[in-house]
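Step one of this worksheet: look at the structure below.
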Amino acid sequence: MVKKYNYKVTEKKWQERWLKQGIYEPGLKSLSAKGRKPFYNLMMFPYPSAEGLHVGNMYAFTGSDVYGRFKRMQGYDVFEPIGLDGFGIHSENYALKVGTHPAKQTKISEKNFYRQLKEIGNGFAWKEKVETYDPEYYRWTQWIFAEMFKRGLAYRKKQAVNWCPSCKTVLADEQVISGKCERCSTEVIKKDLEQWFFRITKYADRLLKDLEKLDWSERIKIAQRNWIGKSEGAEVEFRIKNKESGIKDTGVVKVFTTRPETIFGATYLALSPEHDLVSSTKYQVSNWKEVEDYIKKAKAKSDDPPSHKATEGQGEKTGVELKGVRAINPATKKEIPIWVTDYVLAGYGTGAIMAVPAHDERDFEFATKYKLPIYDVIEPVYIQDTEPGIVKEGLPFEHRDAVIVIVKHWSEDKYIGLKWKKVAWGTFITGGIEKGQTPEEAAKTEIREETGYLNPKFVDDFGIVHGKFYHVPKKVNRFAHSHVVYLELQDGAREDISEKEREIHDVLWLTLPELEKFLTPGSHHHALRMLKKTQRAYEELGILRNSGDFDGMDSEESKWKVTEFVGGKRKIQYRLRDWLISRQRYWGPPIPMIFCEKCAENKKGEQKEMPGWYAVPEKDLPVVLPPVKDFRPRGKGQSPLASVKFFYEVKCPACKSLARRETDISDNFLDSAWYYLRYIDSKNKKELFSKKLAEKWLPINMYIGGAEHSVLHLLYVRFLAKVFYDWGLVRFDEPAKKFRAHGLLIRDGKKISKSKGNIINPDDFIKEFGADALRMHLMFLGPFEDGGDFRDSGILGLSRFLDRVFKLVASDNFRKSGNLDFERILHKTIKKVTEDIENLHYNTAISALMILLNEAEKSDGISKEQAASFLKLLAPFAPYLSEELYQQFFGSKLGVRSSKRFDSIHLSEWPKYDSNLIKENTFNLVVQVNGKTRDAFEVSTNIKEAEAKSLALNRERVQKFTEGKEIKKTIFVAGRLINLVI
RNA sequence: GCCCGGGUGGCGGAAUGGUAUACGCGCACGACUUAAAAUCGUGUGAGGCAACUCGUGUGGGUUCGAGUCCCACCCCGGGCACCA
């Protein structure tokens, strides 16, 4: 009688033995890799913002661990470190919530997190754990900050910054989600503060370009590309004139534009409220009071209670004119007004734009509201990009002057549409303009020829639209330059049209909404919008008009010529802003900087541009966070440390007079931007890490984490890696070769959150089913990169599965030699599980193991070797059970070299499959008739078409369908099917 | 609005253009049991007695053959959002 599997005893036992034997400790320092290649398998470390681990963390960690265990068994020296990122706002907020000092709370959380991380059964290298709040850790966080300052990558600037009124601190742009705080969802406001920044923008091009060489989840790369937001354009200067004096130039305003060729259409200049020119024209503008009020209001809009919604975004645009000053459009030389408006952002480009209402939606909206001129300078060009009629590559364009003719019914609100018979086209009446014809004449000719109507009356010529398309009936690429003309029929008088015309298309009367659906080419849709007068700004490329000598050129070719013409410069602009690093909170690494008033007065300092500022000398690091009873944020733009005299009073490192320490702390994301480096050398007191170890272990081989860090953590780690590379600290400039984002764990189709009350406590599940069952359940939910839907009852299936594995092996009832049929299935499973784990398809790997178990139970017994292989395949998912059974029944008996250490299954060799055993001799031939499956039967793998066909035709089920019919065609797919077409 | 993912049984989810729904959950029936639980076995897309027909968000298309490829649209999830 076999005992029932007791996971409680087993899991505890192996946890202790693994730890004691250190089986998951890599040969970190042994610089000669003893046959085992190093493999750095990293999972983003958790931030303890609660008592214990969330099941979402468990999910992510288990997924990473399965991969690590797999690699370890494949012979790699796997390093799977663990630590806690507990030095920041999230931990502090939690401490505030429960009313415990963060230093104390962190210790409580730490204990619980580590307990849970041990229970889940991951192969962590515990000896190298790090905590970001450990002074021995943040000494180096501060060291990095100091180095950044010394090397000109950290600077101070007064700026309107994102301020969270609830967290009472500033936030980096990346931490503001849709105008709300990333942590607490409070509406973020703008505040003018002096802050420390890291010059990440200096690395924008490299951060962008190097994405190409990374094997990272595509969605992460896309998110980073968008965040960095490279745009190519031009910087152009507009001269400013004081209207009263009329002559005197009062300066220039630089604008950035990606569409310099539209400059002839720039009808006003728009400045952000923070723009320098605004305040400098105080005494020149006649409506200063109004301007001042507007600026105040613009600020208050985001400064005031978070009650009224969305400070920006879709709100109606507002602005005020700077009356009395004008700008000169450098292309037209005409004077244009200057407006101040908050739809122009201060932080992007130059904080000023040239507004081209005809070709920019936002300018159009603003110009319409304030009755500013809209001046069309681009004729639209529509390039057909959907079938039918996609432009044929390589074929020259045939130019053609043409008309698009809109014809209105004599009594109804309907218009003529042509439905083409040989192509799926729906258009207005259209045709060429012959020599000497006006568009009006051409239109009338086309109406007569194509519809037979006799009495159209010309109403309007809306202008020109160009279209590039492949003319399917005529088999040529066309570049049509069409006047859109509008005519109304006076009556229904009509003559017959030729047979030829009738064969080409049908004439239909359509209402406006019907036309919307009916028309196919973009140019005809444009014509419709012209008719409906709903044409807004045309933002696409096109052909220039009203642009002096540039008329007739297309956007692409004229772009840089116009730039040159107006004396502008080509410029590349990034959306990325510098990383705001200061935080006005308590729980974090103090920024290791000192400000000396005296040195500042004498213009002395470590950096020329920043007199008075010194980095804390390396020997004085770490700057230890002082214990402060009242650690609550003050909300005055200052950290609680600003009221701790013994902390901020310090001697100037240069002149030794009384100076003041920086009292802000650094962003939590700085702690986590380099932790992977500390793991490899966590006890090093002399340096951040040893270069030699870095060469052995880095870059990271596999990094797994949540997609929510696409542009936060993952951009910062890349940034610092590049910085360290430039400093010669490391030899790589990307921290991780491979990154995979795991999916989101949800429950019963809904997000897991406290407010929804559907929190899953992993401890309960471990207690009731064991860690192995929980691990397997989590991994079985769906593809790891897609996430999964946690259903409580589902875990029973995995629990049953483990019990059955135990029964099968623990019965100790093995055959002497394995049954060949099972051996084949086993080898197929080895192949599948190996490939699935490599691709993070854990759910299908588990399913394959279930099938294997089903087969084993059905078979007449399996051999010891077969059982051992099975356990090995299971080991990454269920490390405890597989170890228990492996040790109980095989262990060193299988010839694994014995030593002081027990021969853990987790250090054993991953099974290999024999491709000969996977080959099939027969397969199930599917017989289809007209593509419908009618029969299937076993045949030899080598079967030829002729034989397959005759066999198939002899089948009764097939004959039912082929009886008396002629087989017109046979499709034979070797190893799969035969399809008889009748 | 823009950019990513997705839409397949009662549910989670499988399917190199080739037998749709593997595997698991749930459910039903049966065996064991005094009984229940556990366990084991059988069945389980819909309609139909059956032959068969219909079925992967909707509508079209390509193909001998489409969940898979193309076009248009609808819905859900996630990210970004006045970036000139």
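Lettering of chains follows the sequences in order, A, B, ..., and the numbering in each one begins at 1.
Checked against ring pair (Phe, Tyr, Trp, His ring centres under 6.0 Å), A:Y59 has the following partners two or more places apart in sequence or in another chain: A:F784. For A:T341, the side chain to side chain contact (heavy atoms under 4.5 Å, CB included) partners are A:A270, A:Y294, A:Y343, A:V344, A:F366, not counting sequence neighbours. Under the rule for a ring pair (Phe, Tyr, Trp, His ring centres under 6.0 Å), A:W560 has no partner lying at least two apart in sequence or in another chain. Scored by the ring pair (Phe, Tyr, Trp, His ring centres under 6.0 Å) test, A:H359 finds no partners at all (sequence neighbours excluded). With sequence neighbours left out, A:E835 forms a side chain to side chain contact (heavy atoms under 4.5 Å, CB included) with A:K831. Residues meeting the salt bridge (charged side-chain N to carboxylate O under 4.0 Å, His left out) test with A:D792, sequence neighbours left out: A:R747. When the ring pair (Phe, Tyr, Trp, His ring centres under 6.0 Å) test is applied to A:F790, the partners found at least two apart in sequence or on another chain are A:F765, A:H777.
Under a cut-off of 6.0 angstrom, the local environment of NZ in A:K369 is crowded, with over 12 non-hydrogen atoms contributed by other residues, nucleotides or ligands. Heavy-atom contacts from other residues, nucleotides or ligands closer than 6.0 Å to NZ of A:K221 number more than 12.
Looking at heavy atoms from C-beta onward, A:F238 lies in side-chain contact with A:I336 at the 4.5 angstrom threshold. Looking at heavy atoms from C-beta onward, A:I978 lies out of side-chain contact with A:Q928 at the 4.5 angstrom threshold. Side-chain atoms of A:V253 and A:L271, non-hydrogen and from C-beta on, do get closer than 4.5 Å to each other.
Using a 4.0 Å heavy-atom distance criterion, A:L345 is classed as a base contact. Backbone-only contact: A:I851 has heavy atoms under 4.0 Å from sugar-phosphate atoms and none from a base. Residue A:V344 is in base contact, counting any heavy-atom pair closer than 4.0 Å across all strands shown. Across all strands shown, A:S231 has heavy atoms under 4.0 Å from sugar-phosphate atoms exclusively, and none from any base.
Between the side chains of A:S555 and A:E261, at least one donor-acceptor pair of N or O atoms lies under 3.5 Å. With no hydrogens or angles considered, a side-chain donor-acceptor pair links A:T922 and A:E938 at under 3.5 Å. Counting only N and O atoms by type, the side chains of A:S847 and A:Y842 include no donor and acceptor under 3.5 Å apart.
Nucleotide B:rG9 is shown with a syn base, its glycosidic torsion being within 90° of 0.
A:R775 places no side-chain N or O within donor-acceptor distance of the main-chain N or O of A:M58, the cut-off being under 3.5 Å. With hydrogens and angles disregarded, a donor-acceptor distance shorter than 3.5 Å links the side chain of A:S217 to the backbone of A:A741.
Here B:rG79 presents its C1' atom at 12 Å from CG of A:L712, a figure rounded to the nearest Å. Per the geometry, CG belonging to A:L977 stands 11 Å off P belonging to B:rA20, to the nearest Å.
When the C1' atom is used for both B:rA20 and B:rA46, the distance is 14 Å, rounded to whole Å. Comparing B:rC69 with B:rG65, their C1' atoms are spaced 13 Å from each other, to the whole Å. Comparing the C1' positions of B:rA28 and B:rG78 gives an interatomic distance of 39 Å, to the nearest angstrom. Here the separation of B:rC29 from B:rU21, taken at their C1' atoms, is 23 Å to the nearest Å. The gap from the P atom of B:rG57 to that of B:rA36 amounts to 43 Å, rounded to the nearest Å. A distance of about 39 Å separates the C1' atoms of B:rC70 and B:rG26, rounded to the whole Å. Between B:rG10 and B:rG61, the two P atoms lie 28 Å apart (nearest whole Å). Nucleotides B:rG77 and B:rA72 place their C1' atoms 22 Å apart, quoted to the nearest Å.
Below the 3.5 angstrom threshold, one finds a donor paired with an acceptor across the side chain of A:N924 and the base of B:rU19.
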Strand RNA chain B in bracket notation, Watson-Crick/G-U under 3.5 Å with | for pairs to another chain = (((((((..(((.....[....)))((((((.......))))))(((....)))..(((((..]....))))))))))))....
How does each nucleotide of nucleotides 60-69 of chain B score, in 5' to 3' order, for protein heavy atoms under 4.0 Å: base (B), sugar-phosphate only (S), or none (-)?
-> ----BS----
Enumerate all atom pairs, one protein N or O and one N or O from nucleotides 46-52 of chain B, separated by less than 3.5 Å.
from   : atom 1 : to     : atom 2 : distance (Å)
B:rA51 : O3'    : A:K960 : NZ     : 2.7
B:rC52 : OP1    : A:K960 : NZ     : 2.6

Please write out the pairs of protein N or O atoms and N or O atoms of nucleotides 38-45 of chain B separated by less than 3.5 Å, giving the distance to one decimal.
from   : atom 1 : to     : atom 2 : distance (Å)
B:rU39 : OP1    : A:R800 : NE     : 3.4

If you restrict it to nitrogen or oxygen atoms, what contacts under 3.5 Å exist between nucleotides 12-16 of chain B and the protein, and what is each distance?
from   : atom 1 : to     : atom 2 : distance (Å)
B:rG12 : O2'    : A:L781 : O      : 2.9
B:rG13 : O3'    : A:N843 : ND2    : 3.4
B:rA14 : OP1    : A:N843 : ND2    : 3.1
B:rU16 : O4     : A:R976 : NE     : 2.6
B:rU16 : O4     : A:R976 : NH2    : 3.0

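Nearest to the side-chain atoms of A:S847 among the listed nucleotides B:rU19, B:rA22, B:rA81 stands B:rA22.
Place A:N854 and A:N226 on RNA chain B by their nearest nucleotides, and A:N226 ends up nearer the 5' end.
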